[in-house]
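In what follows, a structure is listed as structure tokens, so that the remarks can point back to it.
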Amino acid sequence: MTEKRLSFKEMCAKFDVTPRTLRYYEYIELLTPEKEGRARFYGPRELARMTLILRGRRFGFALEDIRQWLLIYEKEGTHAQMREWVALADRQMEELRQQRAQLDETMAELQRLRDDTAKTLA
């Protein structure tokens, strides 16, 4: 039995991405679909990669970090990829902590200004 492949349109629908996004991921070599003439088909490998790409984007990883991380699997295997994932996740968690601290500070400042303005109106 042959493995299920998705067309370009099916891939866009399955992952809720625009055709432009999918073409861009191909352009920067995150995905390499099979090509038959002008048609593109995505097998299990590409579906798994797309899942990882979108998960990485959701966590705020840069596309280049995701691309490098995917290359590690191809060149060095699962353990090397998992070690790199832990390092990337640690780095991203620190970045998110810093962003949260900045957001908390901005919200507190906005609240103070809002409260001061409300007092002036009273």
Side-chain angles (χ1 to χ4, degrees):
M1 183 173 144
T2 61
E3 296 176 325
K4 171 77 172 122
R5 299 186 313 165
L6 298 181
S7 69
F8 185 85
K9 186 176 180 180
E10 290 169 329
M11 188 76 163
C12 288
K14 178 175 179 59
F15 290 101
D16 193 26
V17 296
T18 65
R20 182 178 179 181
T21 296
L22 197 53
R23 282 192 294 273
Y24 183 68
Y25 289 171
E26 291 174 29
Y27 176 75
I28 63 172
E29 300 177 346
L30 288 172
L31 299 172
T32 51
E34 298 172 35
K35 294 182 181 175
E36 294 175 11
R38 291 180 49 99
R40 296 176 178 104
F41 294 97
Y42 303 83
R45 175 185 179 271
E46 300 312 304
L47 273 74
R49 288 174 69 93
M50 187 66 166
T51 298
L52 294 173
I53 292 163
L54 294 178
R55 187 177 295 155
R57 293 301 291 152
R58 182 173 157 262
F59 293 137
F61 291 104
L63 288 173
E64 180 57 24
D65 288 339
I66 295 167
R67 192 176 77 75
Q68 291 298 322
W69 182 69
L70 291 171
L71 282 173
I72 289 170
Y73 175 77
E74 292 175 11
K75 294 179 180 180
E76 301 175 43
T78 303
H79 283 329
Q81 187 184 42
M82 287 191 299
R83 278 193 305 275
E84 181 62 18
W85 166 248
V86 169
L88 284 170
D90 288 345
R91 192 172 75 218
Q92 188 62 14
M93 287 294 294
E94 182 55 33
E95 175 70 25
L96 292 171
R97 281 186 202 95
Q98 290 173 10
Q99 289 176 8
R100 182 171 51 193
Q102 291 170 354
L103 182 58
D104 288 344
E105 187 178 307
T106 300
M107 289 175 65
E109 183 179 348
L110 178 58
Q111 186 68 51
R112 282 191 302 276
L113 288 171
R114 181 249 174 242
D115 293 347
D116 289 348
T117 303
K119 286 178 191 173
T120 301
L121 289 172

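Atoms considered below: every heavy atom in the structure, side chains included; atoms not considered: hydrogens, waters and symmetry mates.
For E105, the CD atom sits in a loose shell: 12 or fewer heavy atoms of surrounding residues, nucleotides or ligands are nearer than 6.0 Å. Taking a 6.0 Å sphere around CD of E74, one finds it holds more than 12 heavy atoms contributed by other residues, nucleotides or ligands.
Note on Y27: it clusters hydrophobically with L31, by side-chain heavy-atom contacts below 4.5 Å among ILVMFWY residues. Linking Ile, Leu, Val, Met, Phe, Trp and Tyr residues whenever their side-chain heavy atoms come within less than 4.5 Å leaves W69 and M82 in two separate clusters. Under the 4.5 Å side-chain heavy-atom criterion for Ile, Leu, Val, Met, Phe, Trp and Tyr, L6 and L52 are members of the same hydrophobic cluster.
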Could you go through the side chain to side chain contact (heavy atoms under 4.5 Å, CB included) check for Y42 and L22 one step at a time?
CA-CA 11 Å; Y42 303 83; L22 197 53; 3.6 Å; yes
I'd like to know whether K4 forms a side chain to side chain contact (heavy atoms under 4.5 Å, CB included) with E10, so could you lay out the CA-CA distance, the side-chain angles of the two residues, the decisive distance to 0.1 Å, and finally the verdict.
CA-CA 12 Å; K4 171 77 172 122; E10 290 169 329; 4.2 Å; yes
Test ring pair (Phe, Tyr, Trp, His ring centres under 6.0 Å) on Y73 and W85; report intermediate values, then the result.
CA-CA 11 Å; Y73 175 77; W85 166 248; over 10 Å; no
Side chain to side chain contact (heavy atoms under 4.5 Å, CB included) between M50 and V17, intermediate numbers included:
CA-CA 10 Å; M50 187 66 166; V17 296; 3.8 Å; yes
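To the nearest 0.5 Å, the span separating CG on L63 from CD1 on I28 amounts to 4.5 Å. Residue D90 holds its CG atom at 9.5 Å from CD of E94, rounded to the nearest 0.5 Å. Here R100 contributes atom CZ and M107 contributes atom CE; the two are 12.0 Å apart, rounded to the nearest 0.5 Å. Distance CD1/I66 to CG/L88: 9.0 Å, rounded to 0.5 Å. Atoms CG and CG, on L54 and D16 in that order, are 9.5 Å from each other to the nearest 0.5 Å. Between atom CD of residue Q92 and atom CG of residue D65 there is a gap of 8.0 Å, rounded to the nearest 0.5 Å.
Clustering of Ile, Leu, Val, Met, Phe, Trp and Tyr side chains at separations under 4.5 Å leaves L96 isolated, with no partner residue.
Annotation: side chain of Y24 is not in contact with side chain of L30 (no heavy-atom distance under 4.5 Å). Side chains of E36 and R5 form a contact here, defined as non-hydrogen atoms less than 4.5 Å apart.
Nearest heavy-atom pair, M11 versus L47, reported as atom, atom and distance to 0.1 Å: SD-CD1, 4.2 Å.
A salt bridge does not link E76 to R83: none of the charged side-chain nitrogens sits closer than 4.0 Å to a carboxylate oxygen. Checked for salt-bridge contact, E26 and R23 miss the test: no charged N lies under 4.0 Å from a carboxylate O. Between R45 and E34, no side-chain nitrogen of the basic residue sits less than 4.0 Å from a carboxylate oxygen of the acidic one, so the salt-bridge criterion is not met. Salt-bridge annotation for E64 and R67: present, with a side-chain N of the basic residue lying under 4.0 Å from a carboxylate O of the acidic one.
In summary, of the residues considered (R97, E95, Q102), a side chain to side chain donor-acceptor pair (under 3.5 Å) with Q99 occurs for E95 alone.
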